[in-house]
Every structure is written in structure tokens, then in C-alpha cells.
Enquirer: 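Submitted below is the structure of interest, expressed as C-alpha cells.
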2 protein chains.
Amino acid sequence: MSAPTAPKRRRATGRTTLAEVAQAAGVSPITVSRALRGERAVASELVTRVREAAERLGYVPDPAARALASSRSTQVAVLIPLLSNALFVDLLDAAQRSLLEAGYQSLIGVTHYRPDEEEALLRAYLMHRPAGLIVTGFDRTEAARRLIADSGVPCVHVMETHAEPGVYSVGFSQSDAGRAMTQCLLAHGRQRIAFVAAQLDPRTLQRASGYRQAMQLAGRHEPKRELLSPRPSSMALGAELFEQLMREQPDTDAIFFCNDDLAQGALLAALRLGIAVPARVAVAGFNDLTGSDQMLPALSTVRTPRAAIGREAARMLLGLIRGEQPAAPSLDLGYELVLRQSL
Amino acid sequence: MSAPTAPKRRRATGRTTLAEVAQAAGVSPITVSRALRGERAVASELVTRVREAAERLGYVPDPAARALASSRSTQVAVLIPLLSNALFVDLLDAAQRSLLEAGYQSLIGVTHYRPDEEEALLRAYLMHRPAGLIVTGFDRTEAARRLIADSGVPCVHVMETHAEPGVYSVGFSQSDAGRAMTQCLLAHGRQRIAFVAAQLDPRTLQRASGYRQAMQLAGRHEPKRELLSPRPSSMALGAELFEQLMREQPDTDAIFFCNDDLAQGALLAALRLGIAVPARVAVAGFNDLTGSDQMLPALSTVRTPRAAIGREAARMLLGLIRGEQPAAPSLDLGYELVLRQSL
DNA sequence: CTGAAAGCGCTTACAG
DNA sequence: CTGAAAGCGCTTACAG
């Protein structure tokens with residue numbers, strides 16, 4: 001009853017292999033591979049036999065072997081600017097969920113709004129031969145653009161839309177949204193409307209340009225009421241910029257913040273300073289982040305469909321991975337003005 | 001000048017392979033492999049030669065081939081309950097960053113506080129042979145526990161600590177933190193202190209038990225002042241529970257919320273209802289989330305070191321992956337009471 | 001310190 | 001509709 005001596009060159013991992021399933025089912029390995037992936041025509045009787053054998057043996061395909069042999073993986077790289085902005089977390093959460101349901105894992109990458117970091121992440125992740133790619137917006141280095149194109153990996157751009165053959169995107173028009181909220185403030189009788197922004201990423205600047213267009217169209221544009229800070233967005237910064245603006249341009253009668261966290265901070269600062277909102281100054285935000293409906297007064301804002309964007313981007317990407325052509329390469333999911341008491 | 005006819009059985013991927021680097025450097029493939037990984041002793045002259053050749057040819061190792069041959073990948077699975085709780089996002093962000101620096105990618109998994117979802121994720125991710133695993137807390141199914149143990153994949157538990165041989169953890173004592181804040185409220189002269197919680201995950205219940213211990217010790221425990229809701233935590237729920245508590249137990253003179261979002265919602269509700277904080281009722285939160293310092297009054301809370309937890313968990317895991325034994329298998333990073341105007 | 005051989009567990013490309 | 005052979009690009013396990 002001595003233990004069998006191990007053969008010299010063994011290094012099996014112990015897991016059940018496709019070959020073992022094949023033997024158990026009495027077919028060839030290729031047939032098992034095809035039956036399990038549902039690829040090509042396999043006699044339905046064999047499919048059943050293979051499935052049963054796989055089930056019985058607890059067979060789990062090895063993703064590494066699969067990736068090596070097919071040069072495709074089941075991972076999707078998702079690149080977002082920041083994890084500290086709830087906007088992107090919502091998007092990521094929705095995308096991740098949809099991808100997981102379809103059997104794909106998400107490799108997240110945080111670019112910190114820096115094109116060089118994005119390029120480095122792209123380089124690192126692309127060597128993993130991801131099945132697909134989700135990237136934020138269109139603002140990237142030429143090298144990054146080429147990396148994506150040369151990789152041949154299907155790619156969907158999120159948050160903005162862009163009509164160009166071979167480019168896929170899911171988002172909405174940031175400048176339209178910026179224009180719409182500004183026009184709404186104008187329609188409510190506000191005239192000296194300020195725009196306050198932080199971070200100054202491409203999409204923030206698009207909102208700014210929407211604001212500017214609307215103000216110019218109304219003949220009310222005053223550059224002095226634009227307060228643009230490159231610092232990262234936060235409630236604390238919103239409070240600070242609000243105080244600065246009310247000090248420097250005290251006759252401002254409305255403020256459009258490029259993000260809700262700034263606006264929330266401003267609302268709390270107004271409370272501290274005893275500045276009446278909306279009586280003296282109306283306040284509007286962007287994104288309808290959590291808590292905006294709880295503010296005092298409740299914050300008017302632009303609701304953006306980030307969860308839907310994540311979901312639809314995943315759906316579009318899965319189609320591209322299957323080799324399908326999406327109905328529309330650019331999907332505009334729109335936005336919605338949410339008017340609450342701050343206006 | 002006709003194009004060369006492709007040989008019959010080619011399916012090279014076009015990328016530079018290790019073999020090509022070996023040929024260029026005039027050494028064997030194994031030597032390249034070892035030189036590039038810095039493993040085992042390789043003559044330093046050869047290392048230089050190999051590095052140069054790899055650089056020149058733009059060689060990028062194939063992770064799939066590497067994973068298949070070595071049965072280990074460069075991916076770490078990180079399982080957290082929720083992406084909508086900033087606490088976990090901060091932890092994930094820090095862990096992800098540290099892991100990336102060391103050449104590891106993070107595969108995130110969201111369990112929604114459900115042991116069955118965690119078990120399914122574990123099953124799905126473990127088949128990818130991750131190099132390591134980071135999981136939240138210790139509350140999981142027996143099957144999940146076994147999956148982790150049987151996989152042999154190094155695993156670090158975060159948020160809680162637990163001293164047991166072979167179990168690695170980075171966190172702090174949730175019950176100590178709950179007790180400390182309660183004692184702080186008592187020390188400030190509050191006597192009818194309520195505890196309001198949502199979600200009711202294991203860590204929330206540990207905080208509750210810390211509260212209970214402190215109250216019992218002071219001879220002031222009144223079960224009627226515990227308001228526990230299984231609903232997901234949010235500012236809106238905090239407002240709702242605050243109103244309910246002030247209606248049902250109007251003589252409550254302090255409220256300890258298990259999370260800052262609840263407390264923030266309560267503070268705003270108090271403002272709406274004209275309930276003076278802290279004059280009539282003191283309010284304390286947990287985690288020191290963003291915005292808590294901006295509240296009116298600013299929120300007193302327990303600052304938890306989630307970024308440090310993420311960072312240290314990554315560091316401990318990287319050590320375990322290298323086969324090192326951590327100095328202490330259980331790392332307690334503590335917490336800090338932050339006293340602001342709400343108390 | 002270095003290498004020739006085998007193997008990791010799949011799928012591709014042909015052929016029938 | 002099914003299969004025998006080769007190959008994906010690395011590393012392991014030996015041997016020297």
C-alpha cells in the first residue's frame with residue numbers, strides 16, 4: 001500500500017481538465033470545447049452528454065489557457081477619471097454588473113483625469129488582451145488613441161457622444177445640458193447668472209460653453225461671473241468659491257455649479273452666512289448626486305443618466321465583442337432638469 | 001515581389017515573444033524568463049544583455065501564458081459590500097493604487113452585503129487563479145470560507161481584526177469605536193443617548209454592541225432608544241429615522257448614528273424642523289465621510305482609517321504573495337474621535 | 001549559473 | 001457534424 005511515486009515531469013494543477021471531461025463523455029476534447037461554449041453545430045445528444053460529464057466532474061474552464069489559445073480574455077478594462085466622484089462610481093457599478101452577468105470581469109483603472117496616467121493604464125491593461133474596453137470621454141493622448149486602435153479591442157466611450165464612423169459612444173451632450181439649465185435660470189427671471197466650476201476636465205468645460213452660449217444668446221454674458229478653479233471638486237471648495245463669488249460679485253442673482261458637490265457646499269455656506277437661497281441668489285447644480293434632494297433648500301440640478309450609461313455601454317460593448325454592429329454607434333441618453341426649491 | 005504565402009499552421013499573435021528576445025540576446029528562453037523576472041541568480045552581464053534586447057524589441061510578457069505555465073496570475077480580487085458607500089470606495093481606491101504600483105491588477109467584486117453573492121463571486125474569481133484576495137470582514141458562508149482556504153490563495157480580511165493563526169486582517173475594533181463615541185457623549189453630560197443604524201451589517205452591529213456596553217456600564221441603557229433599520233443607509237433614511245426618533249422618544253438628548261450619511265441627513269432634517277443641534281439634541285456619526293465637516297453644525301464623528309486599511313492590506317497581501325510572513329497577522333489601525341459643533 | 005525538454009489547458013486551422 | 005495534430009507563450013522540474 002505504498003503511495004505511488006510521482007512521475008518525473010508532473011505539474012498538473014489538480015483541477016479537472018477538458019481532456020478528462022472528454023474522456024468521461026467519450027468524445028474528443030474539441031467537441032467538449034465546442035459543446036460547452038455553444039459554438040458551432042454539435043449534435044444535441046453530445047452536448048447533453050458533455051454537459052453532464054462536466055457537471056459531474058465539477059469542470060471549470062481555465063481562463064488563462066483559454067486566453068492563451070484564443071488570444072482573447074473575458075476581462076473588460078474600464079477606465080474612469082476618479083473613484084471619489086459618485087458619478088463615476090455609479091457608472092462603474094452599473095457597467096460592472098451588466099458585464100458580470102454576461103460572464104466578463106471588470107478591470108478598473110483610475111486615471112485621475114491625467115492623460116499620461118490613462119496612457120500608462122491602457123498600456124498595462126491592453127497587454128492582458130481584454131475582450132473590451134470602456135473609456136471616459138474623448139480627451140486623450142495621441143499615443144493612447146493609437147494604442148486603442150492598434151489593439152483591435154472593441155472600445156466604447158462613455159459620458160460624451162461623438163458621431164464618427166468606427167467610434168462607439170454612450171452619453172449625452174454636456175453642452176446642451178449646460179445650456180438648458182442656464183436657459184431655465186434665465187426663464188425664471190435671473191439675469192446676473194454666474195458659473196462656478198472646479199476640476200476643469202473636458203466635460204466641465206463643455207458645460208461651461210453651454211452656459212456661455214445661453215448667456216450670450218440672451219445678451220447677458222459677463223465674463224466676470226465665471227469662476228473656474230482647477231482644484232478638485234468638493235463640498236468644501238464649493239463653500240469657498242461661493243463665498244468668494246458673493247464677495248467679489250455681490251449682485252449675482254443665480255449660480256450654476258458644474259457639479260452637485262460644489263452646489264451642496266455652497267448651500268451650506270449660504271446657511272452659515274445667512275444668505276437667502278433662492279430669494280437673494282438661486283443655486284443650481286449638476287448630476288443630481290445623493291443628498292441634493294435633502295439640502296436646505298433642496299437643490300435644483302441636472303439629472304444625468306450615469307447608471308443607464310454604464311448599462312448601455314456594457315450592452316453595446318458586449319455586442320461589439322460578439323462581432324455585432326450596434327444599431328447606432330453613438331447613443332445619446334439625454335438628461336433631465338430637476339427643479340427643486342433652490343431656484 | 002509577391003507576398004509570402006503564410007505557412008499552414010501559423011497563428012502567432014504578432015507580438016514579440018520571449019523566444020525572439022532570447023535569440024536576439026543570444027541566450028536561452030529560460031534565461032530571459034529568469035533575467036526579466038529577477039528570479040534566481042543570472043550573470044549580471046546576461047541580465048543587461050537580455051534587458052536591452054527586450055527593450056529594443058518592445059517585448060511585453062503575455063500574462064495569459066505566464067498564468068498558464070505558472071498557475072499564478074498578477075490579479076488580485078477585491079471583494080467589497082457596496083460601491084455606493086464612500087467608505088469602501090476609499091478603501092478600494094487605496095488598495096488598488098498600491099497593488100498597481102506592485103504590478104498587480106484589481107478585480108473588483110461587489111457583494112451587496114449578501115453572503116450568497118460573495119460566494120458566487122469567490123467561485124467566479126478564484127477560477128482565475130488570482131495571486132491574492134482581499135475580502136471584507138469575517139461574516140461569510142461556510143462554503144465561501146472553504147473556497148478561500150482550499151484555493152491556497154493568500155487572503156487578507158479588511159475592516160475588522162481577528163487574531164487567529166493563519167488568518168490575516170487589517171482594520172480596527174468596531175465595537176471599541178462604538179463604545180468610545182458613546183462614552184464621549186456621556187462625558188459631555190448626555191444621558192438619554194439613542195443609537196440609530198441602517199443596513200445592519202456585521203460591523204454596524206458591532207458598533208451597536210459597543211454603544212450598548214457603554215450605556216450599560218453607565219447604567220443608562222434603554223432599549224427603546226435603539227432604532228435599527230435593515231434598509232440601506234442614506235441621507236434620506238437618516239432624515240426619516242431622525243424624525244421618527246424625535247417623535248417617539250422626544251426626550252432623547254443625543255443620537256449616535258452608525259454612519260455619517262444618516263447623521264448628515266438627520267442634521268438637515270433638524271434644520272428643516274427647527275430642532276436645535278446640539279442644544280436640544282447632540283448628533284454624532286461614524287466614518288467622517290466627505291461633507292461632514294461642512295454640515296451645519298459640523299458633525300462630530302469617528303474618523304476611520306479606510307485609506308490606510310486599503311494600503312496596508314495591499315502591503316500585507318503583497319508580502320504573503322512573496323511568501324513572507326507578516327510581522328503581525330492582525331493589524332489594528334485604530335480610529336479617532338473628531339469632535340465638532342454637533343456635540 | 002545555464003539550458004533542453006516537457007508541459008500548463010485550452011482553441012485554431014485543417015481535413016474529412 | 002467530429003476529430004487528430006499543432007500551437008498559443010510562457011515556466012517548471014531536472015540536470016549539469
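It should be emphasised that the depicted structure is a prediction, and the values quoted were computed from it without experimental measurement. As a basis for the values below, the full set of heavy atoms in this structure was taken, side chains included, without hydrogen atoms, waters or symmetry mates.
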Enquirer: Of the nucleotides C:dG9, D:dT11, D:dC10, which one has an atom closest to the side chain of B:Arg37?
Expert: D:dT11
Enquirer: List for me each residue that meets side-chain hydrogen bond (donor to acceptor under 3.5 Å, both in side chains) alongside B:Ser98, sequence neighbours excluded, and say none if there are none.
Expert: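 Per chain and number, B:Ser98 pairs via side-chain hydrogen bond (donor to acceptor under 3.5 Å, both in side chains) with no residue.
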Enquirer: Rounded to whole angstroms, how far apart are CG on A:Asp62 and C1' on C:dT11?
Expert: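 Going from CG in A:Asp62 over to C1' in C:dT11 covers 13 Å.
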Enquirer: Side chain of A:Ala69: nearest nucleotide among D:dG7, D:dG9, C:dG3?
Expert: D:dG7
Enquirer: Residues of residues 18-31 of chain B with any non-hydrogen atom less than 4.0 angstrom from an atom of DNA chain C: list those, numerically ordered, please.
Expert: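 Under 4.0 Å from DNA chain C: B:Ser28, B:Ile30, B:Thr31.
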Enquirer: Can you pull the ring pair (Phe, Tyr, Trp, His ring centres under 6.0 Å) pairs that have at least one residue in residues 111-149 of chain A, sequence neighbours excluded?
Expert: A:Phe138-A:His157, A:Phe138-A:His162
Enquirer: Treating a pair as Watson-Crick (purine N1 to pyrimidine N3 plus N6-O4 or O6-N4) or G-U wobble (N1-O2 and O6-N3) with both distances under 3.5 Å, list the stems of 3 or more consecutive pairs that involve DNA chain C.
Expert: C:1-3 with D:14-16, C:5-12 with D:5-12, C:14-16 with D:1-3
Enquirer: Nearest whole Å is fine: how far is C:dG9 P from B:Met127 CE?
Expert: 14 Å
Enquirer: Taking atom P of D:dT12 as reference, at what distance in whole Å does atom CZ of B:Arg72 sit?
Expert: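 Answer to the nearest Å: 7 Å.
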Enquirer: Let me check something: any side-chain donor-acceptor pairs from residues 17-33 of chain B under 3.5 Å, sequence neighbours excluded? List them with distances.
Expert:
residue: B:Thr17; atom: OG1; partner: B:Ala19; partner atom: N; Å: 3.4
residue: B:Thr17; atom: OG1; partner: B:Glu20; partner atom: N; Å: 3.4
residue: B:Glu20; atom: OE1; partner: B:Thr17; partner atom: N; Å: 3.0
residue: B:Ser28; atom: OG; partner: B:Thr31; partner atom: N; Å: 3.4
residue: B:Ser28; atom: OG; partner: B:Thr31; partner atom: OG1; Å: 3.1
residue: B:Ser33; atom: OG; partner: B:Arg37; partner atom: NE; Å: 3.3
residue: B:Ser33; atom: OG; partner: B:Arg37; partner atom: NH2; Å: 2.8

Enquirer: Is there any salt bridge (Lys or Arg N to Asp or Glu O under 4.0 Å) pair reaching into residues 48-61 of chain B, and which pairs are they, with sequence neighbours excluded?
Expert: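 Listed by first then second residue: B:Glu45-B:Arg49.
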Enquirer: Looking only at heavy atoms, what is the nearest atom pair of B:Leu126 and B:Ser151, with distance?
Expert: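 It is CG-CB, 3.8 Å.
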Enquirer: List the residues meeting salt bridge (Lys or Arg N to Asp or Glu O under 4.0 Å) with A:Arg123, not counting sequence neighbours, and say none if there are none.
Expert: A:Glu119
Enquirer: Whole-Å distance between C:dT2 C1' and B:Leu36 CG?
Expert: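 These atoms are roughly 16 Å apart.
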Enquirer: Could you state the atom-to-atom distance from CZ of A:Arg129 to P of C:dC10 in whole Å?
Expert: 16 Å
Enquirer: For the side chain of B:Ser33, counting heavy atoms from C-beta on, which of D:dC10, D:dT11, C:dT2 is nearest?
Expert: D:dT11
Enquirer: Which of the following nucleotides, D:dT11, C:dT11, D:dC10, is nearest to the side chain of B:Ser70?
Expert: D:dT11
Enquirer: Got a sec? Which of residues 49-61 of chain B come in under 4.0 Å of DNA chain D, heavy atoms?
Expert: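 When residues 49-61 of chain B is checked for heavy atoms under 4.0 Å from DNA chain D, the hits, listed by number, are B:Tyr59, B:Val60, B:Pro61.
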Enquirer: Roughly how many Å is it from CZ in A:Arg34 to C1' in D:dC1, rounded to a whole number?
Expert: 8 Å
Enquirer: With a 4.0 Å cut-off on heavy atoms, is B:Thr17 in touch with a base, just the backbone sugar-phosphate, or nothing at all?
Expert: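 Sugar-phosphate contact only.
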Enquirer: Starting at atom CG of B:Leu46, determine the distance to atom C1' of C:dG3, rounded to an integer number of angstrom.
Expert: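 The answer, rounded to whole Å, is 12 Å.
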Enquirer: Applying salt bridge (Lys or Arg N to Asp or Glu O under 4.0 Å) as the test, list every pair that has at least one member in residues 60-81 of chain A; sequence neighbours left out.
Expert: A:Asp62-B:Arg129
Enquirer: Can you list the residues that meet the salt bridge (Lys or Arg N to Asp or Glu O under 4.0 Å) rule with A:Asp116, with sequence neighbours excluded?
Expert: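 For A:Asp116, the residues satisfying salt bridge (Lys or Arg N to Asp or Glu O under 4.0 Å) (neighbours in sequence not counted) are A:Arg114.
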Enquirer: For residues 323-330 of chain A, please give each side-chain donor-acceptor pair under 3.5 Å, one per line with the distance, not counting sequence neighbours.
Expert:
residue: A:Glu324; atom: OE2; partner: A:Arg322; partner atom: NE; Å: 2.8
residue: A:Gln325; atom: OE1; partner: A:Tyr168; partner atom: OH; Å: 2.8
residue: A:Ser330; atom: OG; partner: A:Ser169; partner atom: OG; Å: 3.4

Enquirer: Please check if the side chain of B:Ser106 supplies one atom and the backbone of B:Ile108 the other of a donor-acceptor pair under 3.5 Å.
Expert: no
Enquirer: Who pairs with A:Glu164 by salt bridge (Lys or Arg N to Asp or Glu O under 4.0 Å), at least two apart in sequence or on another chain?
Expert: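 Residues passing salt bridge (Lys or Arg N to Asp or Glu O under 4.0 Å) with A:Glu164: none at all.
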Enquirer: Please check if the side chain of A:Ser71 supplies one atom and the backbone of A:Ala67 the other of a donor-acceptor pair under 3.5 Å.
Expert: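 Such a contact is absent between A:Ser71 side chain and A:Ala67 backbone.
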